[in-house]
Amino acid sequence: MDCPICGSDEIEILNSKQKSSKKKVTEEYLLKCEDCGHVFKDIISLKKPKPYRLIISEQDKSHKTTIDLSPSDELKKGDILLSEFGQVEVTSIEVSDTRVNKAKIENINTIWASSIEIPARIGFSVDLHGEVDSFKLDLDRDFEIAPGDIVKIGKHIVKVHVIKTQERKLTSGFAKANVIKRVYSKPVKFNNYDYDLTEKIYKKTS
Ligand SMILES: [Zn+2]
């Protein structure tokens with residue numbers, strides 16, 4: 001945005017307001033030129049996001065879904081999108097039956113992408129009456145752990161007591177691995193368990 005009087009690009013935003021209609025989002029700015037003091041208005045309008053077909057490949061399977069994008073934007077190969085299956089990288093774009101590397105979104109038929117979700121890495125402590133066995137685990141991001149779960153980990157069978165997440169300490173409910181910082185557990189004298197995390201151990205840290 002340049003000043004219409006003197007052409008300066010030293011512009012101060014005095015005020016802005018957003019209006020939303022059925023098809024468009026309009027941002028109206030009240031601007032002041034810092035060089036000549038001229039006050040003027042400018043309007044930027046964007047088409048409202050709408051759903052586009054998205055096919056995500058993930059190892060040996062693929063997911064068909066949609067993603068809401070603004071038709072006014074541009075999309076290119078290599079862009080990262082946040083889909084309902086997590087972060088994906090655009091691998092190909094289909095525009096009227098041909099594949100292109102770059103397109104204005106309103107012209108796109110289908111977006112192909114591959115999942116770039118990395119596993120969640122969490123800490124897992126086993127309290128051995130004073131000593132602690134500590135592990136780093138790589139889990140699927142939506143893997144759920146609940147206080148009270150009986151878990152096999154290495155040579156231990158343990159009960160989960162507390163789950164520390166990014167926000168709080170949980171002693172009930174459950175948490176998904178992508179928000180878990182560390183799980184605290186104590187050995188129990190059971191032979192059965194809810195699940196085995198041994199194969200998820202990335203390394204033993206103590
Ligand atoms: Zn000016």
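These numbers were taken from a predicted model, which means no experiment stands behind them.
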According to a hydrophobic-cluster definition based on side-chain heavy atoms being under 4.5 Å apart (Ile, Leu, Val, Met, Phe, Trp, Tyr only), do I13 and V39 belong together? no
For residues Y202 and L137: do they belong to one hydrophobic cluster (side chain heavy atoms under 4.5 Å, members Ile, Leu, Val, Met, Phe, Trp, Tyr)? no
Minimum heavy-atom distance V188-V158, with the two atoms named: CG2-C, 3.9 Å
Treating Ile, Leu, Val, Met, Phe, Trp and Tyr as nodes and any side-chain heavy-atom pair under 4.5 angstrom as an edge, say whether V179 and V162 lie in one connected cluster. no
At their closest point, which heavy atom of F40 faces which heavy atom of C3, and how far apart are they? CZ-CA, 4.0 Å
Please examine the side chains of L128 and H156, heavy atoms only from C-beta on, and report whether any two atoms are closer than 4.5 Å. yes
Determine whether a donor-acceptor pair (N or O, by modelled atom type, separation under 3.5 Å) exists between the side chain of T65 and the backbone of L54. no
If you measure from NE2 on H63 to CD1 on I55, what distance do you get to the nearest 0.5 Å? 12.0 Å
Would you say E89 and S114 are linked by a side-chain donor-acceptor pair, where the criterion is simply a distance under 3.5 Å? no
May I have the step-by-step check of ring pair (Phe, Tyr, Trp, His ring centres under 6.0 Å) for H161 and Y184, ending in yes or no? CA-CA 6 Å; H161 281 259; Y184 296 89; over 10 Å; no
Can you check side-chain contact (heavy atoms from CB on, under 4.5 Å) on V132 and V126, steps first, answer last? CA-CA 6 Å; V132 175; V126 180; 5.9 Å; no
Side chains of L81 and V90, heavy atoms from C-beta outward: is any pair under 4.5 Å? yes
Would R121 and D138 pass as an ion pair if we require N to O under 4.0 Å? yes
Keeping D196 on the side-chain end and T198 on the backbone end, is there a donor-acceptor pair under 3.5 Å? yes
So do H38 and K32 actually touch side chain to side chain, heavy atoms under 4.5 Å? no
Identify the two heavy atoms, one from P147 and one from G173, that lie closest to each other, and give their separation to 0.1 Å. CD-O, 3.3 Å
Atom CG of L31 and atom CG of N15: how far apart are they, to the nearest 0.5 Å? 9.5 Å
Decide yes or no for I122 and V183: does some side-chain heavy atom of the first lie under 4.5 Å from some side-chain heavy atom of the second? yes
Pair K176, R141 - check side-chain contact (heavy atoms from CB on, under 4.5 Å), show working. CA-CA 7 Å; K176 290 191 174 187; R141 301 177 72 80; over 6 Å; no
Worked check of side-chain contact (heavy atoms from CB on, under 4.5 Å) between S134 and R182: CA-CA 10 Å; S134 191; R182 181 164 287 274; 3.1 Å; yes
Do E28 and S16 touch side chain to side chain, with heavy atoms closer than 4.5 Å? no
Roughly how far apart are T165 OG1 and I180 CD1, rounded to 0.5 Å? 8.0 Å
Is the shortest side-chain heavy-atom distance between I11 and D2 below 4.5 Å? no
Is it possible for you to say whether F135 and L197 belong to one hydrophobic cluster, with membership spreading through side-chain heavy-atom contacts below 4.5 Å? yes
Are more than 12 heavy atoms, taken from residues, nucleotides or ligands other than D68, located less than 6.0 Å from that residue's CG atom? yes
For residues I201 and Y195: do they belong to one hydrophobic cluster (side chain heavy atoms under 4.5 Å, members Ile, Leu, Val, Met, Phe, Trp, Tyr)? yes
Tell me, yes or no, whether the heavy-atom count around Q166 atom CD, taken from other residues, nucleotides or ligands under 6.0 Å, exceeds 12. yes
Is it true that D133 and K204 make a salt bridge, defined as a side-chain N closer than 4.0 Å to a carboxylate O? yes
Are S20 and K48 linked by a side-chain donor-acceptor pair shorter than 3.5 Å? yes
Min side-chain heavy-atom separation S57-S115 under 4.5 Å: no
How long is the straight-line distance from CD1 of I108 back to OH of Y52, given to the nearest 0.5 Å? 7.0 Å
Give me the atom names and distance for the closest heavy-atom approach of S96 to N109. N-ND2, 3.0 Å
Quick one: do L139 and I145 satisfy side-chain contact (heavy atoms from CB on, under 4.5 Å)? Show the steps, please. CA-CA 10 Å; L139 298 176; I145 300 180; 3.9 Å; yes
Report yes or no: is the cationic atom of R53 (NZ for Lys, CZ for Arg) closer than 6.0 Å to the six-membered ring centre of W112, at no more than 45° off its axis? no
Does CD in Q18 sit with more than 12 non-hydrogen atoms of other residues, nucleotides or ligands closer than 6.0 Å? yes
Is any side-chain heavy atom of S8 closer than 4.5 Å to one of E34? no
Where do V88 and S83 come nearest, in terms of heavy atoms and distance? CG1-OG, 3.8 Å
For the pair D127 (side chain) and H129 (backbone), establish whether a donor and an acceptor sit closer than 3.5 Å, ignoring hydrogens and angles. yes
Does NZ in K152 sit with more than 12 non-hydrogen atoms of other residues, nucleotides or ligands closer than 6.0 Å? yes
If you round to the nearest 0.5 Å, how far is CD1 of I153 from OG of S125? 9.0 Å
Distance in Å, T91 OG1 paired with K77 NZ, rounded so as to fall on 0.5 Å steps: 7.5 Å
Closest non-hydrogen atom pair, E74 against D79: O-OD2, 4.3 Å
